[in-house]
2 protein chains.
Amino acid sequence: MKYKKTYRHSRQRDVILEELRKVCAHPTANTLYGMVRKRLPRISLGTVYRNLDLLAEQGEIVKFPCAGGQTCFDGNPKKHAHMRCTQCGRLIDIESKITVSYNNPVTDEYEITSHRVELFGLCAKCKNKQQPFNQ
Amino acid sequence: MKYKKTYRHSRQRDVILEELRKVCAHPTANTLYGMVRKRLPRISLGTVYRNLDLLAEQGEIVKFPCAGGQTCFDGNPKKHAHMRCTQCGRLIDIESKITVSYNNPVTDEYEITSHRVELFGLCAKCKNKQQPFNQ
DNA sequence: GTAAATGCAAATTGTTTGCTTACTG
DNA sequence: CAGTAAGCAAACAATTTGCATTTAC
């Protein structure tokens, strides 16, 4: 049995969380690294990753596996809807109220405990541009 | 303006698609590589990746960015629901009928064109096991 | 015959880990 | 002062790419 880990406070973690909360985008670890480095020039990328994992573990932030194999981070843990732009790939927070219903049969096969909806569409920028070249 | 690419037929692509369609799991490129190699021992992993991209481009299969930075592939392009097991991480096809509703405001900000629901829960195996150690 | 697809290996990219030092509680 | 966190660099793993050769149309 594993013991519960105790967390200690760190300036780096504070800054990472602050910077992530500051933006409404969903930056990757590397993007965030760039942002944080402006305030803490000596921070290392490894620290950013470690803290992002830790913050996600604590439920302070949310990790998103994204297309292209990168992980994006959302600093806003309260539920809100997302839309992925099918043109540029960005993840956009949207206002839309979503309702999901599904039948959740009581069975030994599986048990559904929660859900997430991902919406796809066009973001403002791409919507107002003409289509890019084929592909 | 980019010209439309013309596809040529290849045995490797056929086998990759066949093997992917054969299973109801959602293998990674590497897993699929193992499956395909039984029939085409000389195929290379690069070819598998190239063909999976190409098949996804054609809409024959679907790519899933997964937690852990891997991409999973679904050979069954007709819509069906998925559940991700929060314990073991596998993606399970489920029977549940899902209905999603959301308001899709007509605005310049964005335009929603489609959606996907991801369900989370426990798969049969994990449901019938006791919890693993903390964390 | 031309362009697309393959096999192979090397390169790239995102992420994790090991280790020593610094810092928190 | 015990154990967590940082910084740095090396290691890893998934995926992509360059190139010479083969294959499809």
Side-chain angles (χ1 to χ4, degrees), chain A residues 2-20 26-58 60-73 89 91 134-135, chain B residues 2-20 26-58 60-73 89 91 134-135:
Chain A
K2 204 164 150 189
Y3 286 94
K4 182 142 157 269
K5 180 179 177 180
T6 63
Y7 298 109
R8 287 187 188 172
H9 192 247
S10 93
R11 168 100 180 113
Q12 285 84 339
R13 183 146 64 241
D14 284 351
V15 174
I16 289 168
L17 187 53
E18 277 171 29
E19 291 298 316
L20 185 53
H26 306 81
T28 61
N30 198 51
T31 306
L32 197 51
Y33 174 50
M35 293 157 60
V36 170
R37 222 169 2 164
K38 289 182 189 154
R39 292 173 58 185
L40 304 173
R42 305 199 37 116
I43 199 172
S44 79
L45 184 54
T47 298
V48 173
Y49 272 105
R50 269 191 276 236
N51 277 305
L52 286 171
D53 274 346
L54 197 152
L55 288 165
E57 199 178 303
Q58 295 178 328
E60 293 286 329
I61 68 174
V62 177
K63 282 172 95 160
F64 274 97
C66 288
Q70 296 210 156
T71 304
C72 295
F73 296 86
L91 199 59
N134 178 352
Q135 205 269 109
Chain B
K2 203 165 151 189
Y3 286 93
K4 181 142 157 272
K5 181 179 176 177
T6 64
Y7 299 109
R8 286 184 191 173
H9 191 249
S10 93
R11 168 99 182 112
Q12 285 84 339
R13 184 146 64 241
D14 283 350
V15 174
I16 289 167
L17 186 54
E18 275 171 30
E19 290 298 316
L20 185 53
H26 306 82
T28 61
N30 198 52
T31 306
L32 196 51
Y33 174 52
M35 293 156 61
V36 169
R37 223 169 0 168
K38 288 180 189 154
R39 292 173 59 186
L40 303 173
R42 305 200 37 117
I43 198 172
S44 78
L45 184 52
T47 298
V48 173
Y49 273 105
R50 271 190 276 235
N51 278 305
L52 286 171
D53 274 346
L54 197 151
L55 288 166
E57 200 178 302
Q58 296 178 326
E60 292 287 328
I61 67 173
V62 176
K63 285 172 93 161
F64 274 98
C66 289
Q70 295 210 158
T71 304
C72 296
F73 296 86
L91 198 60
N134 178 352
Q135 206 272 107

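Each chain gets a letter, A, B and so on, in the order its sequence line appears, and its residues count up from 1.
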For D:dT15, does either OP1 or OP2 sit under 4.0 Å from a side-chain N or O belonging to B:Tyr49? yes
B:Leu40 has an atom CG; how far is it from atom P of C:dC8, in whole Å? 12 Å
End axis versus end axis in the helix from C:dG1-D:dC25 to C:dG25-D:dC1, the angle rounded to 10°, five pairs used at each terminus: 40°
Quickly work out the B:Asp53 CG to D:dT15 C1' distance and round it to whole Å. 9 Å
Whole-Å distance between C:dT16 C1' and A:Leu54 CG? 15 Å
At their closest point, which heavy atom of B:Thr28 faces which heavy atom of B:Cys72, and how far apart are they? CG2-SG, 4.3 Å
Measuring from B:Asp14:CG to B:Arg39:CZ, what's the distance to the nearest 0.5 Å? 9.0 Å
Among the nucleotides D:dA6, D:dT4, C:dT6, which one has an atom lying closest to any side-chain atom of B:Asn51? C:dT6
Does B:Asn30 reach a base, just sugar-phosphate, or nothing at all? Heavy atoms under 4.0 Å. nothing
Whole-Å distance, B:Gln70 CD to C:dT16 P, equals 12 Å
With heavy-atom distances below 4.5 Å as the criterion, would you say the side chains of B:Leu17 and B:Arg13 are in contact? no
Atom CD of A:Glu57 and atom C1' of D:dT4 are separated, to the nearest Å, by 13 Å
Under-4.0 Å side-chain N/O to phosphate OP1/OP2 contact, B:Thr71 with D:dT15: yes
Could you grab the distance from atom OH of B:Tyr49 to atom OG1 of B:Thr71, nearest 0.5 Å is fine? 7.0 Å
B:Thr47 side-chain proximity, nearest of D:dT16, C:dG7, D:dA6: C:dG7
Side-chain heavy atoms of B:Ile43 within contact of B:Ile16, under 4.5 Å: yes
What nucleotide among D:dT16, C:dA5, C:dG7 has an atom nearest to a side-chain atom of B:Arg42? C:dG7
On the nucleotide D:dT23, are OP1 or OP2 found under 4.0 Å from the side-chain N or O atoms that B:Gln12 carries? no
Does the side chain of B:Leu20 reach to within under 4.5 Å of the side chain of B:Met35, using non-hydrogen atoms? no
More 5' along DNA chain D: B:Phe73 or A:Ile43, using each one's nearest nucleotide? A:Ile43
What heavy-atom pair brings B:Gln12 and B:Leu40 nearest, and what distance separates the two atoms? CA-CD1, 3.8 Å
Where the side chain of B:Ala29 is concerned, which of C:dT13, D:dT15, D:dG7 is the nearest nucleotide? D:dT15
Atom of B:Tyr33, atom of B:Leu45 and distance for their closest heavy-atom approach: CE1-N, 3.5 Å
Between C:dT15, C:dG7, D:dT15, spot the one nearest the side chain of B:Leu45, thanks. D:dT15
Sequence-aligned protein contact record of nucleotides 18-25 of chain C, with B where the base is within under 4.0 Å of a protein heavy atom and S where only the sugar-phosphate is: B-----BS
Using whole Å, report how far CD1 of B:Ile16 lies from C1' of C:dG7. 13 Å
Within this structure, what is the CG-CD distance for the pair A:Asp53 and A:Glu57, rounded to the nearest 0.5 Å? 7.5 Å
Here the distance between atom C1' of C:dG14 and atom CZ of A:Phe64, to the nearest Å, is 19 Å
With a 4.5 Å heavy-atom cut-off, do A:Lys63 and A:Phe73 have their side chains touching? yes
For atom CG of A:Leu52 and atom C1' of C:dG14, their distance in whole Å: 13 Å
